[in-house]
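Given the structure is predicted, the values throughout are model-derived calculations rather than measurements. Throughout, a chain's letter reflects where its sequence line sits, starting with A, and its residues are numbered from 1.
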Number of protein chains: 2
Amino acid sequence: MPRKVITGFSNPTVKFVRSLREKKHRRQERRFLAEGLRLLTDARESGRLPELLLMVQGREEHPLLTELEHAVEAAGGEVIELPLDLLAKVTGKDNPQAVAGVFAEWDTGLARLDRNAAPLWLVAQAMRDPGNLGTMLRTADAVGAGGLILLDDCVDPFSVEAVRASMGALFTVGLAQARWADFDHWLRQGEGQLVAASLREAQPYRGAPYAAPCFVMVGNESRGLPEDYEMACDLRVTMPMKGRADSLNAAVAAAVLAYEVLAKLDG
Amino acid sequence: MPRKVITGFSNPTVKFVRSLREKKHRRQERRFLAEGLRLLTDARESGRLPELLLMVQGREEHPLLTELEHAVEAAGGEVIELPLDLLAKVTGKDNPQAVAGVFAEWDTGLARLDRNAAPLWLVAQAMRDPGNLGTMLRTADAVGAGGLILLDDCVDPFSVEAVRASMGALFTVGLAQARWADFDHWLRQGEGQLVAASLREAQPYRGAPYAAPCFVMVGNESRGLPEDYEMACDLRVTMPMKGRADSLNAAVAAAVLAYEVLAKLDG
């Protein structure tokens, strides 16, 4: 099937895709950009196909790329080809990958979550670093969490940086976004144990009475969790801090805690 | 004491400090740049003072800043003042902190390490992301590790990004840099258990027979550890991976493993 080929920087499709690097435009269009064959294959295998597939001209054949192309076409999506330098400008990388896709965002409302679908969930509050957010998504995938719930003003999980850092976990892990009050309300309408690492009235994290569905919550990278969020937890636990500084990276703390909960709930 | 004031962008000191943002110049000068009152206070409390202290003009008084100034002067260091826009250009941040310092790098040879000084050590091989390296330093601090040993071609721990991500742990945690062959040789000259997360002939990470001094090693973010490094380990352990992807962020994997080792060696 002949491909649509774009060669000019002023092409409206190029402008549209470039605009998705900005949050404002992602919000407006409800679309986001993901790059790389591995990421797009993870997406496809998780049932997410791009509406628009951008492929570099003169690329080498690859069976996964062929599969991706066919899947996008079969689903009624558009496939276009463009020169390497133009793709680099679109994705904003000096060293662009051979393929990128524009995806429709999906519903990230709390109402979509089934809390009993998994024993463990991760919750991040006001997490600002896209690398940390991507890391949390990978951890959620690894521990088999039901999903990652983002509270308050987190960095956009659909930003190019967060998508990249998630190494595909954005497509495999359930994702919800909510304000604290709405999450608290939702949580208390059913079973669910909210757990945070804390120094306030906390017990040692090893051997603490974790119970499914267990929601492991960490706070902002600099400020941690607001005190009232901590006090609303069912369980506050403390991890050894033997050094001079008294803090772990937030995504690291979440992972150490999540693996402990997993061991207790699985064992 | 009257301060030396710099107002011009072409001043040699400004050029020198700016040059330290590049690895080539850091290697040549054996100096690096760190920013922010908190970081510089952590350094001071760990016995590291900048040779050159840069302070913004018209800053607000702060007791920790005054202490820092006095300590730098007492140690024979230089203190200079400069306008905010110039400090921003020096440090390359839109939102510069009120203070920055130029430090002499220190010896990071293996010979300086006393393996019996701590039950636990972290080892990172070919870690490329400065955020991950800073996170590893924070983890090393939190678990009370003897230090972090960087193998092969890791990102420069004295880069502005790694220093920032370490949140001060660069100054509190022992640091060594070596090639694999030299590390392996050093390790085998005394006691020491080398442990890696692996899928090769591995046992579950929980309840594995960890022994002090235990060296927890993780590999490059994309490629993991070379196979021969894994096979040289005394213990290979596996962590549950319940998701579709089969990898954790390297710094996260190191932390989960390190906390498990800590619990076993402390308990």
Below 4.5 Å from any heavy atom of chain B, which atoms of [X] appear? Answer side chain, backbone, both or neither.
X: Y205(A); value: side chain
X: V256(A); value: both
X: A255(A); value: both

For this session: Heavy atoms only, distances under 4.5 angstrom: which of A142(B), A253(B), A169(B) has the most pairs with chain A? Name it, please.
Result: A142(B)
Exercise. For the candidates E45(B), M167(B), M239(B), which exhibits the highest count of non-hydrogen atom pairs separated by less than 4.5 Å from chain A?
Worked result: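 Going by pairs under 4.5 Å, I would pick E45(B).
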Exercise. Which atom names give the shortest non-hydrogen contact between A251(B) and V252(A), and what distance separates them?
Worked result: O-CG2, 4.4 Å
Exercise. Which heavy atom in N249(A) sits nearest to a heavy atom in T135(B), and how many Å separate them?
Worked result: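 Scanning both residues, the minimum pair turns out to be ND2-OG1, 3.5 Å.
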For this session: Inspect the contact between R206(B) and D266(A) and indicate whether a charged nitrogen and a carboxylate oxygen are less than 4.0 angstrom apart.
Result: no
Exercise. Heavy-atom count around E191(B) CD within 6.0 Å, excluding the residue itself: above 12?
Worked result: no
Exercise. Between the side chain of Y259(B) and the main-chain N/O of P240(A), is any donor-acceptor distance below 3.5 Å?
Worked result: yes
Exercise. Under a 4.5 Å heavy-atom cutoff, which of D129(A), T172(A), V173(A) has the most pairs with chain B?
Worked result: T172(A)
Exercise. With a 4.5 Å limit on heavy-atom distance, are the side chains of K242(B) and L262(A) in contact?
Worked result: yes
